[in-house]
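Inspection log for the structure reproduced underneath, given as structure tokens.
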Amino acid sequence: MKTVASYEQRLTMPQAGKRRRPPKDLGWGLLFASPVLLGYTLFVVIPILATLYLSFTSYNVGSSAQWIGFDNYTRLFNGDDPFFYPAVKATVYYVGVSVPLGIILSFFAAILLNQKIAGRAIFRGIFYLPVIIPIAASSMVWLWLLQPDFGIVNYALDSIGLPESRWLGDTTSVIPTLILFSCWTLGNTIVIFLAGLQGIPGHLYEAIEIDGGNALHKLLYVTIPMSSPIIFFNTVIAFINGFQTFVQPAVMTQGGPNNASLMYVLFLFNEGFKFSRMGSASAISILLFAVIALFTAVIFIFSRSFVYYEGGNAK
Amino acid sequence: MNMQSVMKKTVVYALLIAGSVFCLFPIYWMLRTSLITMGDLYQMPPKLLPNTFMWENFTTALEAYPFGRFFWNSTVITGSAIVGVLFSSSVCAYSFSRIEWPGRDKIFGFILTGLMIPFFVVMIPQFVFWKTLHLTDTFVPLIAPAWFGGGVFNIFLLRQFFLGIPRDLDEAAKVDGAGHFRIYWQIIIPIAKQAMIVVGLLTFLANWNDYLGPLAFITSEENYTLMQGLTLFQGSYSAQWHLMMAATAVIVIPSLVIFLIAQRHFIEGIAMTGVKG
């Protein structure tokens with residue numbers, strides 16, 4: 001008599017003979033993947049090609065695109081566009097400081113949040129909280145905190161005898177202020193570091209203890225080397241995100257004063273949507289794309305030499 | 001407990017409390033300012049709590065502009081995007097994890113490059129595309145991408161999760177005569193509920209908090225989202241910080257409430273995947 005195996009039995013039943021090769025379901029596969037296949041073609045692949053094409057044209061919506069070769073690019077590099085070099089300068093300054101600073105701060109925050117102490121879950125929630133606040137909203141709040149005449153921060157500085165600052169209102173302090181603000185939203189980076197720290201085997205720390213090492217030795221010889229893939233990963237992501245910092249300058253400074261905080265993507269947005277120079281804006285975005293692609297590639301190549309991967313499968 | 005570990009605990013707590021003050025103070029100051037009078041704005045030294053709680057700041061702020069309308073617009077956009085993303089990213093993730101088809105992994109690898117492509121690089125042609133279809137200044141440009149794959153990142157996240165579900169479940173269902181639709185809907189989705197919640201929450205944040213998308217595609221005030229409403233408000237009430245903070249608080253509160261309810265999912269979700277900026 002043939003009995004029908006129950007569901008559970010079938011799950012645990014040993015496979016008779018060799019595993020049957022799964023059938024190739026091209027039709028079903030394409031059908032289920034069709035949203036992203038269409039969407040990726042329509043909203044990513046074609047637009048990138050279109051951006052590349054438009055970057056060689058003079059174009060604004062409504063008129064037809066005129067082929068002008070490399071003019072958009074030479075105009076940018078020759079400094080004929082008064083905003084290009086200020087935008088590059090502001091962005092490099094901002095990214096160059098905020099990324100390393102953010103990585104160091106969030107790494108140490110993650111180490112603190114990984115200690116076995118009471119109230120740890122609450123602290124984790126608090127450190128993550130700023131991330132969920134819309135950046136447009138938190139930009140407003142920080143504008144008020146840093147308001148030069150009536151803001152609480154200047155009041156606090158003044159009352160403990162420290163000099164006040166014009167914060168976002170001065171060409172020299174505007175980028176440092178945006179960097180300070182960037183330190184407020186490190187929650188994602190912290191959480192990713194935390195996940196990495198939790199994966200470090202405890203016996204490595206015990207080994208250091210047996211050898212008489214202290215907390216610094218643990219940090220230098222276990223925590224940092226074992227976290228290097230995640231440090232690397234977070235750094236790449238932070239650079240890529242940093243280059244695209246838009247909302248903060250758009251809401252808080254509109255790029256001012258005197259273009260000191262004109263971030264690259266704000267410049268790009270203005271060129272396309274404020275001045276309707278879509279061709280030139282396309283050239284600006286192609287340069288951004290190239291920088292991000294180059295950055296990702298360079299860091300990936302160099303990472304081989306200093307990043308420790310468990311199992312050594314990076315070779 | 002020895003002296004050294006007491007010292008260490010004290011230092012850890014001191015640093016964590018300092019960090020917490022840094023994280024929480026701006027939020028507290030927003031709420032505090034939203035409840036004071038105009039006169040108290042310039043009071044020195046500033047009071048930590050309002051002299052009188054001016055709840056009418058909220059009504060004044062909300063009546064200054066059609067915030068009800070903006071709230072509704074943001075809700076429609078975010079709601080439609082969440083449904084779209086949950087559906088389309090899970091269907092695609094199913095294809096890339098549970099269906100065997102030639103070229104599947106190569107195509108997925110190609111699509112993954114989308115993770116590093118900035119929206120700024122595709123923004124202009126997208127705008128031209130929607131303009132040609134006469135769909136700028138509608139919600140369509142903001143919602144449509146959600147229904148077409150719903151973001152490479154979400155597909156990646158769900159695919160990782162689906163790959164962890166035992167294959168035997170599919171095989172068993174196939175023996176029972178189930179097709180891909182039934183396996184997707186009755187087996188995979190119920191098991192992946194946790195991952196779906198994470199995707200839903202991230203989609204909520206991405207759309208509710210989105211500033212750039214509406215700025216690029218929405219032009220008339222009646223279609224503004226809350227974020228655009230806020231900058232509108234900033235233009236005319238720039239010195240009236242108590243009203244500014246009341247309007248800001250209204251925008252922040254939905255995100256805060258959702259975070260408090262689903263905090264665990266957020267943090268696990270980010271850690272689970274490790275990506276997302």
Side-chain angles (χ1 to χ4, degrees), chain A residues 7 10-11 22 24-26 28-29 32-33 35-36 38-40 43-44 47-48 50-51 61 109 112 115 117 123-130 132-134 136-137 140-141 144-145 150 152 155 188 191-192 195 237 240-241 244 246-247 251 265 268 272-273 278 281-282 285 288-289 292 296, chain B residues 9 12 15-16 19-20 23-24 26 29-30 33 41-42 46 88 91-92 94-96 99-102 104 111 114 116-118 120-122 124-126 128 131 145 148-149 155 168 172 180 205 209 211-212 216 227 230-231 234 241 244-245 248 251-252 255 259 263 267 270-271 274 276-277:
Chain A
Y7 197 71
R10 262 186 240 145
L11 293 183
K24 298 264 181 196
D25 289 337
L26 183 61
W28 284 109
F32 273 72
V36 73
L38 271 173
Y40 200 71
F43 299 124
V44 179
I48 287 183
T51 305
V61 181
L112 291 174
Q115 305 296 317
I117 51 161
F123 282 119
R124 285 181 186 175
I126 291 172
F127 277 64
Y128 190 71
L129 185 63
I132 59 117
I133 310 266
M140 290 299 177
V141 176
W144 169 226
L145 290 171
F150 305 103
I152 182 74
Y155 172 79
N188 280 333
V191 170
I192 296 169
I237 298 289
I240 292 178
N241 289 334
Q244 299 175 62
F246 177 78
V247 182
V251 171
V265 287
L268 156 60
F273 289 86
M278 295 291 191
S282 297
S285 43
L288 172 74
F289 182 54
I292 287 182
T296 317
Chain B
K9 275 231 160 89
V12 169
L15 291 171
L16 283 177
S20 301
C23 291
L24 290 179
W29 203 243
M30 168 191 78
T33 308
L41 280 179
Y42 309 113
S88 71
V91 165
C92 296
Y94 180 88
S95 175
F96 289 117
I99 307 177
E100 302 281 337
W101 48 283
R104 181 188 79 172
I111 287 172
M116 54 151 286
I117 293 171
F120 289 97
V121 175
V122 294
I124 286 161
Q126 278 196 15
V128 175
K131 187 84 184 169
F148 286 92
I155 298 175
D168 299 339
H180 282 301
L205 279 191
N209 297 358
Y211 183 82
L212 177 62
M227 298 307 140
L230 190 62
T231 40
Q234 184 191 18
W241 289 102
M244 277 292 312
M245 289 300 108
T248 308
I251 288 168
V252 168
S255 305
F259 176 68
Q263 187 196 337
I267 292 184
I270 304 294
K276 197 80 182 179

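Chain A is the first sequence line, chain B the second, and so forth, proteins listed ahead of strands; every chain is numbered from 1. Model, not experiment: these values are computed from the prediction.
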Using non-hydrogen atoms only, which part of [X] is less than 4.5 Å away from chain A: side chain, backbone, both, or neither?
| X | value |
| --- | --- |
| B:L16 | both |
| B:L205 | side chain |
| B:M245 | side chain |

Task: Option in B:T231, B:I155, B:L212, B:I251 with maximal non-hydrogen atom pairs under 4.5 Å from chain A - done: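 Top option by heavy-atom pairs under 4.5 Å: B:L212.
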- [ ] Give the member of B:R104, B:M30, B:K131, B:Q126 that has the highest number of heavy-atom pairs under 4.5 Å with chain A.
- [x]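 Max contact count across the listed options: B:Q126.
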Open item on the list: Donor-acceptor check, side chain of B:E100 to backbone of A:D25, threshold 3.5 angstrom: yes or no?
Closed with: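 Looks like no, no N/O pair under 3.5 Å.
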Open item on the list: Has A:T51 got a side-chain atom pairing as donor or acceptor with B:V121's backbone, closer than 3.5 angstrom?
Closed with: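 Answer holds: yes.
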Task: Nearest-0.5 Å distance that lies between atom CD1 in B:I99 and atom CZ in A:F32 - done: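 Separation between the atoms: 5.0 Å.
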Open item on the list: Once rounded to the nearest 0.5 Å, what's the spacing between atom CD of A:Q115 and atom NZ of B:K9?
Closed with: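 It comes to 9.0 Å.
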Ignoring hydrogens, what is the shortest heavy-atom contact between [X] and [Y]? Give both atom names and the distance.
| X | Y | result |
| --- | --- | --- |
| A:Y40 | B:G114 | OH-N, 3.0 Å |
| B:P145 | A:F43 | CA-CE1, 4.0 Å |
| A:P134 | B:N209 | CG-OD1, 3.2 Å |
| A:M278 | B:I124 | SD-CG2, 3.6 Å |
| B:S95 | A:A33 | OG-CB, 3.5 Å |
| A:G39 | B:F148 | CA-CB, 3.5 Å |

Task: Listed partners of A:F150 passing ring pair (Phe, Tyr, Trp, His ring centres under 6.0 Å), at least two apart - done: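 Per chain and number, A:F150 pairs via ring pair (Phe, Tyr, Trp, His ring centres under 6.0 Å) with B:Y42.
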Is the shortest side-chain heavy-atom distance between [X] and [Y] below 4.5 Å?
| X | Y | result |
| --- | --- | --- |
| B:I117 | A:I48 | yes |
| B:P118 | A:L288 | yes |
| B:F259 | A:L129 | yes |
| A:I133 | B:S255 | no |

Please state whether the side chain, the backbone, both or neither of [X] comes within less than 4.5 Å of a heavy atom of chain B.
| X | answer |
| --- | --- |
| A:L268 | side chain |
| A:Q244 | both |
| A:F273 | side chain |
| A:I117 | both |

Open item on the list: Please enumerate all residues that pass side chain to side chain donor-acceptor pair (under 3.5 Å) together with B:Y211, with sequence neighbours excluded.
Closed with: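 Once residues adjacent in sequence are excluded, B:Y211 has no partner under the side chain to side chain donor-acceptor pair (under 3.5 Å) criterion.
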- [ ] Evaluate the ring planes of A:W144 and B:W241, with Trp represented by its six-membered ring, and classify them as parallel (under 30°), tilted (30 to 60°) or perpendicular (over 60°).
- [x]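 Rings of A:W144 and B:W241: parallel, as their planes differ by under 30°.
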Open item on the list: I'd like to know which of A:V247, A:V44, A:I126, A:I292 tops the heavy-atom pair count under 4.5 Å against chain B.
Closed with: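 Looking at each of A:V247, A:V44, A:I126, A:I292 in turn, A:I126 comes out on top.
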Open item on the list: Tell me which of these, A:G272, A:A109, A:A50, A:G125, has more heavy-atom pairs under 4.5 Å with chain B than the rest.
Closed with: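 Answer, by heavy-atom pair count under 4.5 Å with chain B: A:G125.
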TODO: Would you check if the distance from the ring center of A:F246 to the ring center of B:F120 is below 6.0 Å?
DONE: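 Between B:F120 and A:F246, which both carry aromatic rings, the centre distance is below 6.0 Å.
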